[in-house]
Undergrad: 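There's a structure below that I have some questions on.
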Amino acid sequence: MSGEPQSDCLFCKIVAGEIPATVVRQNERTVAFRDISPQAPTHVLVIPRAHYPNAAALAAAEPALAAELLVEAGEVAADEKIDGAGYRLIFNTGAGAGQTVFHAHVHVLGGTPMREGLV
Ligand code: 5GP
Ligand code: ZN
């Protein structure tokens, strides 16, 4: 069924507590945790507990949950005190765009001046 946990998915294992993560926020539907290989002073991933392979699939299946991911990303930015200076949200989609974990997630990046440009 759509959204069901996948046994071979790293982020489903983090949701299940089978792999440890530094969780900074969570609720019944989402989890936010620090990226294991931070690319900026603040680098947090916000994921739905439900498994969808990417942001578009999540939004198509559960638009309210996709919106909640953005609300939580904003709360992470406020908690990390990077909302004033500005921060970047990234949804890599597809291997060619750098997606390596095929469970929808948004990167929250900030705490340093961000490079201009998108690619
Ligand atoms: P993607 O490249 O798919 O957009 O992002 C996946 C992110 O997951 C990468 O930034 C990578 O550093 C992070 N990551 C991979 N494995 C782990 C892990 O075991 N724990 C945590 N916290 N982050 C991970
Ligand atoms: Zn998953």
Side-chain angles (χ1 to χ4, degrees):
M1 201 220 290
S2 182
E4 292 301 311
Q6 303 294 304
S7 58
D8 59 347
C9 173
L10 179 65
F11 288 175
C12 284
K13 289 180 177 151
I14 286 178
V15 167
E18 294 167 12
I19 290 177
T22 304
V23 172
V24 297
R25 290 183 67 83
Q26 59 181 318
N27 63 29
E28 287 178 6
R29 293 162 302 280
T30 68
V31 183
F33 54 93
R34 298 201 188 281
D35 196 292
I36 203 167
S37 177
Q39 305 296 305
T42 291
H43 188 173
V44 171
L45 303 171
V46 188
I47 69 172
R49 290 184 184 274
H51 178 96
Y52 293 99
N54 57 49
L58 164 64
E62 295 200 49
L65 183 54
E68 189 166 3
L69 217 59
L70 296 181
V71 172
E72 287 300 308
E75 294 294 337
V76 166
D79 292 348
E80 297 281 319
K81 300 185 170 39
I82 58 172
D83 51 336
Y87 59 94
R88 187 163 290 168
L89 302 181
I90 297 177
F91 289 94
N92 292 324
T93 302
Q99 188 178 5
T100 58
V101 179
F102 291 84
H103 179 129
H105 55 278
V106 58
H107 296 255
V108 182
L109 291 154
T112 187
M114 305 299 291
R115 183 172 54 83
E116 288 184 25
L118 294 175
V119 292

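If you read the sequence from its start, that first residue is 1, and numbering goes on from there. Hydrogens, waters and symmetry mates play no part in the numbers below; they use all other heavy atoms, side chains included. For clarity, every value in this text was computed on a predicted model and none was experimentally measured. Whatever order the structure lists ligands and atoms in, that order sets their numbers, starting from 1.
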Undergrad: From the N, O or S atoms in His51, identify the one nearest to the Zn ion (ligand 2).
TA: ND1
Undergrad: Aromatic ring centroids of His107 and His105 under 6.0 Å?
TA: yes
Undergrad: Heavy atom under 4.0 Å from ligand 1: found in Leu45's side chain, backbone, both, or neither?
TA: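 Within the 4.0 Å criterion, Leu45 contacts ligand 1 through side-chain atoms alone.
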Undergrad: For atom 9 (C) of ligand 1, what is the nearest protein heavy atom, given as residue, atom name and distance?
TA: Asp35 OD2, 3.3 Å
Undergrad: Taking the non-hydrogen atoms of Phe102, is any one of them nearer than 4.0 angstrom to ligand 1?
TA: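 Contact check Phe102 vs ligand 1: negative.
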Undergrad: For ligand 1, which is the ligand I care about here, please tell me if His43 has any N or O atom under 3.5 Å from one of the ligand's N or O atoms.
TA: no
Undergrad: Once you round to the nearest 0.5 Å, how far does CG of Leu10 lie from CD1 of Ile19?
TA: 4.5 Å
Undergrad: Just distances here: any N/O of Ile19 and N/O of ligand 1 closer than 3.5 Å?
TA: no
Undergrad: Checking a contact table here: which protein heavy atom is nearest atom 16 (N) of ligand 1, and how many Å away?
TA: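 For this ligand atom, the closest protein heavy atom is Leu10 CD2, 3.2 Å.
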Undergrad: Flag His107 as yes when one of its N or O atoms lies below 3.5 Å from any N or O atom of ligand 1, and as no otherwise.
TA: yes
Undergrad: Please list the nearest protein heavy atom to atom 23 (N) of ligand 1 with its residue and the distance rounded to 0.1 Å.
TA: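 Ranking protein heavy atoms by distance from atom 23 (N) of ligand 1, first comes Ile36 N, 3.2 Å.
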Undergrad: I need the Leu69 CG to Leu45 CG distance, nearest 0.5 Å.
TA: 10.5 Å
Undergrad: I'd like to know if Gly98 contacts ligand 1, where contact means a heavy-atom distance under 4.0 Å to any ligand atom.
TA: yes
Undergrad: Please list the nearest protein heavy atom to atom 3 (O) of ligand 1 with its residue and the distance rounded to 0.1 Å.
TA: Thr100 N, 2.7 Å
Undergrad: Check whether any N or O atom of Ile14, backbone or side chain, sits under 3.5 Å from an N or O atom of ligand 1, and answer yes or no.
TA: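 Between Ile14 and ligand 1 (N or O atoms, distance only) the closest approach is not under 3.5 Å.
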Undergrad: Atoms of ligand 1 less than 4.0 Å from Ser37 heavy atoms?
TA: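 Going through ligand 1 atom by atom, the ones under 4.0 Å from Ser37 are 12 (O).
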Undergrad: Supply the atom-to-atom distance His43 NE2 to Phe33 CZ, rounded to the nearest 0.5 angstrom.
TA: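 Atom-to-atom, His43:NE2 and Phe33:CZ are 9.5 Å apart.
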Undergrad: SG of Cys9 to NE2 of His103: how many Å apart, nearest 0.5 Å?
TA: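 If we round to the nearest 0.5 Å, Cys9:SG and His103:NE2 are 5.5 Å apart.
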Undergrad: Starting from atom 1 (P) of ligand 1, which protein heavy atom do you reach first, and at what distance in Å?
TA: His105 NE2, 3.2 Å
Undergrad: Among all protein non-hydrogen atoms, which one is nearest to atom 22 (N) of ligand 1, and what is the separation to 0.1 Å?
TA: Arg34 O, 2.9 Å
Undergrad: Treating Ile, Leu, Val, Met, Phe, Trp and Tyr as nodes and any side-chain heavy-atom pair under 4.5 angstrom as an edge, say whether Val23 and Val15 lie in one connected cluster.
TA: yes
Undergrad: Answer yes or no: is there a donor N or O on one side and an acceptor on the other, between the side chain of Gln99 and the main chain of Val101, under 3.5 Å?
TA: yes
Undergrad: To the nearest 10 degrees, calculate the angle at the Zn ion (ligand 2) involving SG of Cys9 and ND1 of His103.
TA: 110°
Undergrad: If the threshold is 4.0 Å, N to carboxylate O, is there a salt bridge linking Glu80 and Arg25?
TA: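 Answer for the salt bridge query: no.
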Undergrad: Which of the numbered atoms in ligand 1 are below 4.0 angstrom from a heavy atom of Phe11?
TA: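 So the answer, numbered in order with elements, is 8 (O).
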Undergrad: What distance separates Arg49 CZ from Ile47 CD1, expressed to the nearest 0.5 Å?
TA: 8.0 Å
Undergrad: So, taking the atom named CG in Leu109 and the one named CG in Asp35, what distance separates them when rounded to the nearest 0.5 Å?
TA: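 Going from the CG atom of Leu109 to the CG atom of Asp35 covers 8.0 Å.
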Undergrad: Between Gln6 and Glu4, is there a donor-acceptor pair closer than 3.5 Å when you use the side chain of the first and the backbone of the second?
TA: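 Checked: pair present.
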